[in-house]
Amino acid sequence: MSKIIGIDLGTTNSCVAVMEGGSPKVISASDTGKNTTPSVVEMVKNLVGDVAKRQMILNAVNTISSVKRLMGRRFEDKEVTRTQKMVSYKIISGKSGMADVEIDGKTYTPQEISARVLMKLKKDAEKYLGESVDRAVITVPAYFDDSQRQATKQAGEIAGLKVERIINEPTAAALAYGLDKKNAEKIAVYDLGGGTFDISILELGDGVFEVKATNGDTHLGGDDFDEKIVDYIAEEFKKENSMDLRLDKQALQRVRDAAEKAKIELSAAEEIEINQPYITQKDGQPLHLTMKLTRAKLESIVDELIQKTIKPVESCLKDAGLKAGDINEVIMVGGMTRMPKVVEEVKKFFGKEPNKSVNPDEVVAVGAAIQAGVLAGDVKDILLLDVTPLTLAIETMGGVATPMIPRNTTVPTSKTEVFSTAADNQTQVEIHITQGERPLSNDNKALGRFVLDGIPPSPRGVPQIEVMFDLDANGILTVTAKDKATGKTQNIKITGSVGLTDEEVKKAQEDAEKNKAEDEKKAETIKAKNTADATVVMAEKAIKDAGDKAPKDVVEKVQEKTKALKDILETGTKEDLEAKTKDLSETLSEVGQAMYQNQGGQGQGTANSGQGTEEPTVTASDAESSQEKKDKKSDAKVEEGEVVE
Amino acid sequence: MTTKNQKIKDSKTQIVDSEELGNMKNQLARAMADYANLVKRTDEERGTMYKLTSISYVLKLLPILDNLREAQKHLSDTGIAIIVGQLEAILKEDGFSEIKPQAGEMFNETLHEAIDTLETEVEKDNNIISEVCLTGWKMGDEVVRFAKVKVFNKKI
């Protein structure tokens, strides 16, 4: 069965999302790569979205925007009358007195026009999913009456979509924030979009959202904010240059772009520079637009518009029979809610931090997708996946916490790695499991430990111990260690490794951050020590294997340097350990060199500069040396440990 | 409870259990399919990541090229001409090509954006470009910036 998509069919822009793997995913438009599509349609050439917008000014009578303002409304409706004043296309009274649009002698219902937008979104979804889509959940404003909801449903059907449900936009936003799962009973949704402002008060009861009251301003949105900024910039320029940039369409376009850029940048910065060189000419001389704009100035320019949203909020609360303090959660929807001043005013009014972590342009579509997922049977409680909040690790040589499952890994998950022994003839390994972000096991929380014994005596680094960490959806960690030679296993089950409190997680992360520099130094010292240790073992083995074949003076040198390194193994600094390890490695290579020379062939020993438990690797030069030796057709006995082709 | 009722209860439980099992199998299959599709998509997206990064960076640089060209119109400076040439060469090397409409060409919404109209009485001039305000740019076949133009519009 095909997926059900969630669609936010907006006045200015529309958005589509779908549930994937239990999470909502916004689908970008296949032609532009953007996550929203302008709700603009050119009916004659059948252009939809950005392409329709690009030729709108040229073809205003055939290009329909803001058709949502006409959906399910009668021709005499005040909103229809107001919309006609704003747009260039012709609105007429159609069947049963409903508002229709006349284009090129033909009549279209708002449903037919909206269907073109829905068709495009459907197509984008099909391209993304690689399968056909024929079902959708579509959102509408909470104040939409039955006629308007029916019209929206019809638009879906015309577009080839079975509309499984029509849901309210504020409800969708609440779903996107998972407020149906929290104890939030009373929710305020503040939606300041491109062209409209809506405030809704919802009440959650028995898992169902009820709209208690709605209010707003159908002609107040981000476009008005942009115009205020454009006017300010143009007026400032006019003061200096006695020229009104708004009269030159080309210059005006640049001012609009600069105003939008300024609005976005001042959400993060306190002050920006607007630079538009060669913006126009006067008396044959170029004029440049350069000015500074502070966030404080921007806020004062748009303050009047922000204050215009407060009265509808007050009225809405009054209609719901509530006070600002009664609201449990506030949600921000619409691009304009990114402005810090808007958030500040809302926070001041309700006395609490609003929810704004979900992209405000996409939050309604995300909520629609979640509802769609529930209807399709995709989303159920048990499928809501958790993440492991802190890194789960195993202690390895030197007390290092070797990560097995990094933090923020989605569960259930499992990870397997093969380890080995640290000492010769080591017949058991202790598996010590820790949780935390610090590089050394002792500094992290110990979760458990167990021993796997019965490992056949072997040189260090030879046994293969497979360790598996398995973390299930309930947070139960099972760690299993298996000796691949004998097949012997041992395991331990640890509960509660996922369900930590936020404070515990935060503390662990803060501890790691606080001690980062010192921990790094310690970890590097341990690494140097492990390398030194491996080099000592290798040196002792090399001397033993060489027997009397290695020159006495070289052997003595190696032994002397091995002792020097051993002496500082426990207490030496990182720099000393590294220096002496390098020294020993270089001296060790003389053993092999001398041995090959004594055998009458050229060659180089393989000096492994401390790879720990790994076998020495054959370098390219070694391979060449081997080949030369082979070519010399030596009858000498092949020594144990040499690489033979 | 009688044996018969117990049997009915047990069989109902079995039906419910197998229904639940069926639902869970379905959900598991969906989740695994979603994951597999995500892996495929991620692999594809990796390939387009370089392209998107390039485009994003170039879009920031294009206004500087525009301003340099504008400056050059007024200054006719050799040095600036060289700089403009260097920038254009870099863009070309990275697969970008300019959309340079001419006045007199037909407006094409797949390449141009109309920012203003000029009324005309002449039928044949309808939708013809009257002035190019800003050139556009493409990367391969994909338009990264549409050319901004003024267009003749026949008075209705």
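Reminder, nothing fancy here: chain letters follow the sequence lines and each chain counts from 1.
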Undergrad: With a 4.5 Å cut-off on side-chain heavy atoms, are A:Arg54 and B:His112 touching?
TA: no

Undergrad: Find the distance between CG (A:Asp50) and CD (B:Glu109) and round it off to the nearest 0.5 Å.
TA: 12.5 Å

Undergrad: Please state whether the side chain, the backbone, both or neither of B:Leu75 comes within less than 4.5 Å of a heavy atom of chain A.
TA: side chain

Undergrad: Let's test your reading of the structure: which of B:Phe107, B:Phe146, B:Phe152 forms the most heavy-atom pairs below 4.5 Å with chain A?
TA: B:Phe146

Undergrad: Could you tell me whether A:Lys415 atom NZ has more than 12 heavy atoms of other residues or ligands within 6.0 Å of it?
TA: yes

Undergrad: In terms of heavy-atom proximity below 4.5 Å to chain B, should A:Gln281 be classed as side chain, backbone, both, or neither?
TA: side chain

Undergrad: Would you indicate whether the side-chain heavy atoms of B:Glu131 and A:Gln250 approach each other to under 4.5 Å?
TA: yes

Undergrad: So which part of A:Leu47 gets closer than 4.5 Å to some heavy atom of chain B, the side chain, the backbone, both or neither?
TA: side chain

Undergrad: Side chain from CB out, backbone as N, CA, C, O: work out which of these in B:Lys73 comes under 4.5 Å of a heavy atom of chain A, or both, or neither.
TA: neither

Undergrad: For B:Asp66, is there an ion pair with A:Arg254 - N to carboxylate O distance below 4.0 angstrom?
TA: no

Undergrad: Compare all side-chain heavy atoms of A:Lys53 with those of B:Glu113 and state whether any distance is below 4.5 angstrom.
TA: no

Undergrad: Which of the residues A:Ile57, A:Leu58, A:Asp31 is involved in the greatest number of heavy-atom pairs with chain B at under 4.5 angstrom?
TA: A:Leu58

Undergrad: Backbone N or O of A:Tyr278 within a donor-acceptor pair of the B:Glu70 side chain at under 3.5 Å?
TA: no

Undergrad: Could you tell me the separation between the CD1 atom of B:Ile115 and the CE atom of A:Met56, rounded to the nearest 0.5 Å?
TA: 14.5 Å

